[in-house]
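Worksheet: one structure, shown below.
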Amino acid sequence: MTTGGHVICVGFHAAEAHAVDFDLHTVTAVMSRGSAARLPAEVAGRFARIAPLDLDSRDLDAYDRASGRICELARELAGEFGPPAGVIGLYEHTTLPAARLREHLGVGGTSPRTARLCRDKVGMKRVLAQAGVRVPRFLPLGPDTPREDLARFARQVPGRIVVKPRSQAASLGVRILEGAGELLALAEAGGIGERYEAEEFVEGSVFHLDGVVRDGVVRWLCPSRYVTTAFAFQHERKPMISVVLDDRALATRMFTFAETVLRTLGLTDSVFHLELFHTPDDEIVFLEIGNRFGGAGVPVHHRTSYGVDLPREAVLACTGGPSELAGPAETHRHPGLPASGWMFVPLDEARRCRVVEVRGLGDLPGSVAWSAVPAVGDVLDGSSDVWNTAGRFVVLGESAAAVENDMKKIAATYSVSVTGD
């Protein structure tokens with residue numbers, strides 16, 4: 001018997017099925033037809049109803065463009081199952097349409113303004129810069145951006161320039177240019193699409209801060225350094241490695257920085273994934289933020305290393321339920337637990353393929369606390385996953401340096417060979 005009322009999910013993946021209390025709530029969903037078809041039968045069967053959308057869910061703006069249709073379907077679901085008590089939007093492409101649906105239905109939760117600022121890489125930097133937060137110098141771009149504006153920006157940014165979509169994720173569509181000449185040449189060649197931006201390339205280490213904020217108070221924060229970045233994974237096919245920061249003083253500064261960013265953007269009840277730079281001059285510079293849990297290895301790393309279930313916390317924040325986190329926020333690693341990190345090894349085949357050999361499993365260090373690796377004969381489909389991987393690992397250790405060294409050993413010895421399926 002359900003007692004928690006009707007809740008609507010905007011988009012859904014089977015990986016988050018554990019985070020939703022289907023016994024407490026009457027749960028419905030509005031999602032792309034393709035995503036619904038990929039749900040295992042045992043997961044799909046737990047929804048009271050799934051209303052399909054005809055859209056390409058690989059386009060991260062497609063759900064938002066379908067906000068009107070989402071509202072229509074939500075009204076049908078409300079007529080059948082009662083007025084929703086909450087709207088759940090867990091992913092980069094669903095947080096904004098979920099916020100629009102909340103406003104349409106009069107349901108509490110993150111507002112469209114805040115959700116939009118957490119999606120638009122120009123809008124978020126503009127608002128934060130006005131509040132005095134250090135952000136990279138940037139310029140909104142489109143096919144019709146005047147060449148004189150491009151030239152003026154390039155003169156202000158003497159080094160490398162990053163060109164990226166304003167509302168993409170996982171470093172998809174990102175290009176790193178050597179300077180003004182390449183930017184102008186890209187524009188002349190028609191290589192700049194709608195809703196892009198250019199920003200200065202900031203030298204330094206890239207960090208991601210994954211956390212939970214409730215009632216405006218940060219309940220959990222874990223700062224980690226990208227040893228290798230999402231850009232290197234997506235565009236250079238290098239293993240993606242992240243290690244939790246073990247410099248408590250720097251972590252405390254990042255905690256204060258995160259509080260300022262959240263307060264400025266109005267993000268008060270959500271999980272979040274905040275990325276920033278730490279420069280050689282010891283400056284912290286904002287990169288971007290999402291009002292959702294981090295992708296790639298972030299969720300499993302937090303569950304394995306710290307017992308923090310970020311998808312579950314995201315669902316609770318969306319539905320108004322109390323956080324399950326005990327105690328105050330952490331600015332470093334959880335007390336009593338060792339240093340940790342996660343690693344994704346890229347799969348170089350982008351099509352369906354079959355595994356014919358897995359090398360290096362016998363050489364894995366004892367510090368591996370969790371892994372997901374294929375077996376010979378398994379069929380992998382690299383076309384269906386943004387994080388197209390041949391192996392995933394979580395490592396625990398006595399220090400960040402030890403964790404990093406062990407993951408580099410894995411990168412040097414572990415590999416998978418495939419053939420066309």
Item to check | Audit row: Met343, Ile410, side chain to side chain contact (heavy atoms under 4.5 Å, CB included) steps and yes/no | outcome: CA-CA 9 Å; Met343 173 182 177; Ile410 297 172; 4.0 Å; yes
Next on the checklist: Using side chain to side chain contact (heavy atoms under 4.5 Å, CB included), reason through Thr419 and Glu349 one step at a time and then give a plain yes or no.
Outcome noted: CA-CA 9 Å; Thr419 186; Glu349 179 57 67; over 6 Å; no
Next on the checklist: Evaluate Asp64 against Arg100 for salt bridge (Lys or Arg N to Asp or Glu O under 4.0 Å), listing each step before the verdict.
Outcome noted: CA-CA 9 Å; Asp64 193 44; Arg100 297 189 197 280; 2.7 Å; yes
Checklist entry - Should Glu199 and Lys121 be marked as a salt bridge (Lys or Arg N to Asp or Glu O under 4.0 Å) after you check the CA-CA gap, both sets of side-chain angles, and the distance that decides it? => result CA-CA 10 Å; Glu199 64 181 46; Lys121 301 181 196 308; over 6 Å; no
Next on the checklist: With side chain to side chain contact (heavy atoms under 4.5 Å, CB included) as the criterion, how do Leu150 and Leu139 come out once you've worked through the C-alpha distance, each side chain's angles and the decisive distance to 0.1 Å?
Outcome noted: CA-CA 8 Å; Leu150 293 174; Leu139 176 71; 4.0 Å; yes
Next on the checklist: Checking Arg225 against His278 for the side chain to side chain contact (heavy atoms under 4.5 Å, CB included) test, could you report, in this order, the C-alpha distance in whole Å, the side-chain angles of both residues, the deciding distance, and whether it holds?
Outcome noted: CA-CA 10 Å; Arg225 177 174 61 89; His278 181 230; over 6 Å; no
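One N or O on the side chain of Arg119 and one on the backbone of Ser167 form a donor-acceptor pair closer than 3.5 Å. Side-chain N or O atoms of Asp269 include one that pairs as donor or acceptor with a backbone N or O of Asp215 at under 3.5 Å. Within the 3.5 Å criterion, the main-chain N or O of Pro239 finds a donor-acceptor partner in the side chain of Thr228. Remark: the backbone N or O of Ala390 is paired with a side-chain donor or acceptor of Tyr414 at under 3.5 angstrom. Between the Tyr63 side chain and the Ala98 main chain, no donor and acceptor come within less than 3.5 Å of each other. Judged by distance alone, the side chain of Ser371 and the main-chain N or O of Val373 form no donor-acceptor pair under 3.5 Å. Arg354 places no side-chain N or O within donor-acceptor distance of the main-chain N or O of Val379, the cut-off being under 3.5 Å. A donor-acceptor pair under 3.5 Å is absent between the side-chain atoms of Arg69 and the main chain of Ser67, judged by distance alone. With hydrogens and angles disregarded, a donor-acceptor distance shorter than 3.5 Å links the side chain of Asp246 to the backbone of Ala400. With Arg137 contributing its side chain and Val157 its backbone, the two residues share no donor-acceptor pair below 3.5 Å.
Note: His208 and His273 have tilted aromatic rings, judged against thresholds of 30 and 60 degrees for the angle between ring planes.
Closest approach of Phe293 to Pro299, counting heavy atoms only: CD1-CG, 3.7 Å. Among all heavy-atom pairs drawn from Gly297 and Phe344, the shortest one is N-CZ, 3.4 Å. Annotation for Val87 and Cys318: closest pair O-CB, 3.5 Å, computed over non-hydrogen atoms. The minimum heavy-atom distance between Ile161 and Ala180, with the atom names listed, is CD1-N, 4.3 Å. Nearest approach of Ala29 to Phe47, heavy atoms of both residues: CB-CE2, 3.7 Å. When all heavy atoms of Ser367 and Asp406 are compared, the pair lying nearest together is OG-OD2, 2.6 Å.
In this structure the side chain of Cys9 never reaches within 4.5 angstrom of the side chain of Met31, judged on heavy atoms. Contact check for Pro346 versus Met240: no side-chain heavy atoms found under the 4.5 Å cut-off. The shortest side-chain heavy-atom distance between His301 and Val244 falls under the 4.5 Å cut-off. Taking 4.5 Å as the limit, some side-chain heavy atom of Met254 sits within range of a side-chain heavy atom of Ile284. At a threshold of 4.5 Å between non-hydrogen side-chain atoms, the residues Phe207 and Leu274 do not count as touching. Contact annotation: the side chain of Trp370 approaches that of Arg392 to within less than 4.5 Å [non-hydrogen atoms, C-beta and beyond]. In this structure, Trp342 and Val300 have side chains that are not in contact, with every pair of non-hydrogen atoms separated by 4.5 Å or more. Side-chain atoms of His302 and Trp220, non-hydrogen and from C-beta on, do get closer than 4.5 Å to each other.
For an aromatic pair to be called close, the ring centres must be under 6.0 Å apart, and Phe12 with Tyr91 fails this.
Rounded to the nearest 0.5 angstrom, Thr268 OG1 and Leu262 CG are separated by 9.5 Å. Taking CZ from Phe272 and OG1 from Thr110, the interatomic distance works out to 12.0 Å, rounded to the nearest 0.5 Å. Annotation: the span from Met124 atom CE to Leu265 atom CG amounts to 7.5 Å, rounded to 0.5 Å. Going from atom CG of Leu347 over to atom CG of Asn388 covers 4.5 Å, rounded to the nearest 0.5 Å. With rounding to the nearest 0.5 angstrom, the CG atom of Leu117 is 10.0 Å from the CG atom of Leu267. Leu39 CG to Arg46 CZ: the interatomic distance, rounded to the nearest 0.5 Å, is 12.5 Å.
A salt bridge between Glu404 and Lys408 is present, with a side-chain N of the basic residue lying under 4.0 Å from a carboxylate O of the acidic one. A salt bridge does not link Glu182 to Arg160: none of the charged side-chain nitrogens sits closer than 4.0 Å to a carboxylate oxygen. Checked for salt-bridge contact, Glu313 and Arg219 miss the test: no charged N lies under 4.0 Å from a carboxylate O. Comment: Lys409 does not engage Asp363 in a salt bridge, judged by the lack of any side-chain N to carboxylate O separation of less than 4.0 angstrom. Glu200 has a carboxylate O that lies under 4.0 Å from a charged side-chain N of Arg134, or vice versa, which qualifies the two as a salt bridge. With respect to the salt-bridge test (charged N to carboxylate O, under 4.0 angstrom), the residues Glu92 and Arg292 qualify. Using a cutoff of 4.0 Å between basic side-chain nitrogens and carboxylate oxygens, Glu288 and Lys164 are scored as salt-bridged.
There is a side-chain donor-acceptor pair under 3.5 Å between Asp309 and His18.
The number of heavy-atom neighbours closer than 6.0 Å to CZ of Arg253, taken from other residues, nucleotides and ligands shown, is above 12.
A cation-pi arrangement is absent between Arg155 and Phe153, since the terminal nitrogen or guanidinium carbon is not both under 6.0 Å from the aromatic centre and inside a 45° cone about the axis.
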